[in-house]
Peer 1: 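To start, I am sharing the structure in question, which I have written as structure tokens.
This one's a predicted model, so the numbers in the text were calculated from it and none came from an experiment. All chains are named by letter (A, B, ...) in the order of the sequence lines, taking the proteins before the strands, and each is independently numbered beginning at 1. Computation of the quantities below employed the complete heavy-atom set of this structure, encompassing side-chain atoms and omitting hydrogens, waters and symmetry-equivalent molecules.
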Amino acid sequence: MPELPEVETIVRRYRPDLEGRRIVGFASYCPQQVRPGVASFRRAIVGQTITRLTRRAKYILAHLDRGGLLLHLGMSGRLEWSDAVGFDGRHVRAAWELDNGRRLVFCDPRKFGRIRYVRDLKDFGTALGPEPLESDFSVTVLGRLLGRHRRQLKPLLLDQSVIAGLGNIYADEVLFRARLHPTTRSDQLTGREVRRLHQAIRQVLRQAIAYQGTSFDWAYAGGRMQTRLQVYGRAGRPCPRCRTPIARIRVAQRSTHLCPQCQPADGRAPAS
DNA sequence: TGAATTGTTATCGT
DNA sequence: AACGATAACAATTC
């Protein structure tokens, strides 16, 4: 399930092959994933050159001469070249033909992904929270975001309008490394805890990018971060810090992994 | 068969 | 009213 590090990895991988290329054709095999309709989408993008490939939150942004193309991978979306060895043609939902004859394919078994054209990329992203790896994402900024709400930490971290890019895996990893319980109220953190949370967010995301993301199953391949996860998917196994078995609970309808010893519910973390 | 996943939207409660 | 929590929904695999 691509979160910020996986999307960043994909953008870096495809950037050299896409920047400067002109789109000469587009096909959709799942029209409900394309906005606006397929016809106007195709009309808007065909003939345009991809000037830059960037990321915002979990979106891939293909900047065009006029406007831009947004791709959200949902939970099972991926990009492939149709001429790649071992290319799996199942679940192809859309394809772009490029001026060098190659065909970029969007595969998405669960169809949660979205493809959009916007006339101006500047209008996009205004409803999204700050990028946690940007230099302006300071401890002060995080403190203000936390204090503005009285919500449980985990759903707050997953809320893309508060902070952009975290998903279920990295939210759990962040809270473990910050030694904070997922249901702690966001407005009740001490200054020290805000600092720990800030550091954990940036460390986890940077490390995950360095490892090219997490590969659990067919949804995303090539990453190695799954070997570095400390709590996610590790229920019942010993905590890397204190050997207490990792617990799995449900918070805001999401499965949540934590160490009951290192992340106590009363918010008082033990001395490090 | 139920659980798992994201983001959006609707609905309920305080 | 505004905010937060909750549920439903889209679709598929294991």
Side-chain angles (χ1 to χ4, degrees), chain A residues 1-8 10 28-38 55-61 70-79 88-94 106-116 118 124-132 144-174 181-189 205 208 213-221 223 225-226 229 231-236 246-258 265:
Chain A
M1 328 93 226
E3 304 178 27
L4 186 155
E6 290 78 27
V7 177
E8 179 66 27
I10 291 165
S28 166
Y29 309 99
C30 186
Q32 75 260 31
Q33 295 187 276
V34 181
R35 289 181 200 179
V38 174
R55 179 193 58 77
R56 171 81 170 102
K58 302 175 191 173
Y59 289 84
I60 298 169
L61 279 62
L70 303 175
L71 182 60
H72 195 291
L73 300 171
M75 59 177 292
S76 65
R78 60 181 197 273
L79 288 174
D88 179 1
R90 290 176 300 171
H91 312 303
V92 172
R93 307 302 179 203
F106 174 61
C107 302
D108 185 16
R110 296 184 189 173
K111 302 184 179 178
F112 283 15
R114 288 292 175 265
I115 303 168
R116 269 165 64 193
V118 291
F124 169 73
T126 52
L128 292 169
E131 284 290 326
R144 271 198 220 109
L145 290 171
L146 295 167
R148 187 179 298 167
H149 301 272
R150 313 151 132 198
R151 295 173 65 183
Q152 296 178 327
L153 283 180
K154 169 132 184 197
L156 191 87
L157 291 179
L158 291 175
D159 188 333
Q160 303 298 297
S161 71
V162 177
I163 299 173
L166 289 174
N168 207 36
I169 296 175
Y170 297 120
D172 283 1
E173 293 298 308
V174 162
H181 193 278
T183 62
T184 306
R185 295 291 190 136
S186 61
D187 60 340
Q188 289 178 353
L189 298 197
L205 292 176
T214 301
S215 296
F216 260 129
D217 47 28
W218 43 269
Y220 176 83
M225 184 64 187
Q226 63 277 9
L229 299 180
V231 289
Y232 186 87
R234 301 180 61 82
I246 297 298
R248 186 173 134 172
I249 63 173
R250 190 155 276 274
V251 178
Q253 323 305 124
R254 294 284 190 251
S255 75
T256 299
H257 310 74
L258 74 152

Peer 1: Determine the sole option in A/H91, A/H72, A/R93, A/Q33 for which the side chain to side chain donor-acceptor pair (under 3.5 Å) test with A/D108 is passed.
Peer 2: A/Q33

Peer 1: Quickly work out the A/I115 CD1 to B/dG7 P distance and round it to whole Å.
Peer 2: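 In whole Å, B/dG7 P lies 16 Å from A/I115 CD1.
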
Peer 1: Could you tell me how far apart A/Q32 (CD) and C/dA10 (P) are, to the nearest whole angstrom?
Peer 2: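 For the pair A/Q32 CD and C/dA10 P, the rounded distance is 11 Å.
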
Peer 1: Would you call A/V162 and A/L146 a side-chain contact if the rule is heavy atoms closer than 4.5 Å?
Peer 2: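 They are not in side-chain contact.
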
Peer 1: Once you round it to whole Å, what is the distance between P of C/dT12 and CG of A/D88?
Peer 2: 15 Å

Peer 1: Does a side-chain N or O of A/H72 approach OP1 or OP2 of B/dT8 to a distance below 4.0 Å, or not?
Peer 2: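 No, outside the criterion.
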
Peer 1: Holding to salt bridge (charged side-chain N to carboxylate O under 4.0 Å, His left out), I want the full list of residues that pass it with A/R90, two or more places apart in sequence or in another chain.
Peer 2: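 Residues passing salt bridge (charged side-chain N to carboxylate O under 4.0 Å, His left out) with A/R90: A/D88.
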
Peer 1: Pull out every residue in residues 153-167 of chain A that has a heavy atom closer than 4.0 Å to any atom of DNA chain C, ordered by number, or say none.
Peer 2: none

Peer 1: Write down the distance between CZ (A/R114) and P (B/dT9), rounded to a whole number of angstrom.
Peer 2: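 In whole Å, B/dT9 P lies 11 Å from A/R114 CZ.
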
Peer 1: Heavy-atom nearest nucleotide on DNA chain C for A/H149 versus A/D108: which residue maps closer to 5'?
Peer 2: A/H149

Peer 1: Please tell me if A/R110 has a side-chain N or O lying less than 4.0 Å from either OP1 or OP2 of C/dA10.
Peer 2: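 For C/dA10, OP1/OP2 do not have a side-chain N/O of A/R110 under 4.0 Å.
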
Peer 1: Do we count A/F112 as stacking onto B/dG7 if the rule is ring centres under 5.5 Å and planes under 30°?
Peer 2: no

Peer 1: For the pair made of NE2 in A/H91 and C1' in C/dC14, what is the distance, rounded to whole Å?
Peer 2: 13 Å

Peer 1: The test is side chain to side chain contact (heavy atoms under 4.5 Å, CB included); show your working for A/E6 and A/Y170 and say whether it passes.
Peer 2: CA-CA 11 Å; A/E6 290 78 27; A/Y170 297 120; 2.6 Å; yes

Peer 1: Using 0.5 Å steps for rounding, measure from the CE atom of A/M225 to the CD atom of A/E173.
Peer 2: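 If I round to the nearest 0.5 Å, the distance is 6.0 Å.
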
Peer 1: Please identify each residue that fulfils side chain to side chain donor-acceptor pair (under 3.5 Å) with A/E8, with sequence neighbours left out.
Peer 2: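 Result, side chain to side chain donor-acceptor pair (under 3.5 Å) vs A/E8: A/R12, A/R55.
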
Peer 1: Return the value, rounded to whole Å, for the distance between atom CD of A/Q253 and atom P of B/dG2.
Peer 2: 17 Å

Peer 1: Tell me which nucleotide among C/dA5, B/dG7, C/dT12 gets nearest to the side chain of A/R185.
Peer 2: C/dA5

Peer 1: Return the value, rounded to whole Å, for the distance between atom CD1 of A/I249 and atom P of B/dA3.
Peer 2: 17 Å

Peer 1: Flag the pair A/V231 / A/L258 as yes when at least one side-chain heavy-atom distance between them is below 4.5 Å, and no otherwise.
Peer 2: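 Sidechains of A/L258 and A/V231: no contact.
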
Peer 1: Specify the separation, in whole Å, of atom CG of A/L73 and atom P of B/dG7.
Peer 2: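 It works out to 10 Å between those atoms.
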
Peer 1: Under 4.0 angstrom, heavy atoms only, what part of the nucleic acid is A/R150 near: base, sugar-phosphate, or nothing?
Peer 2: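 Here A/R150 touches the backbone only, sparing every base.
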
Peer 1: Applying a 4.0 Å non-hydrogen cut-off, can you work out what A/Y170 is touching in the nucleic acid: base, sugar-phosphate, or nothing?
Peer 2: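 Contact class for A/Y170: none.
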
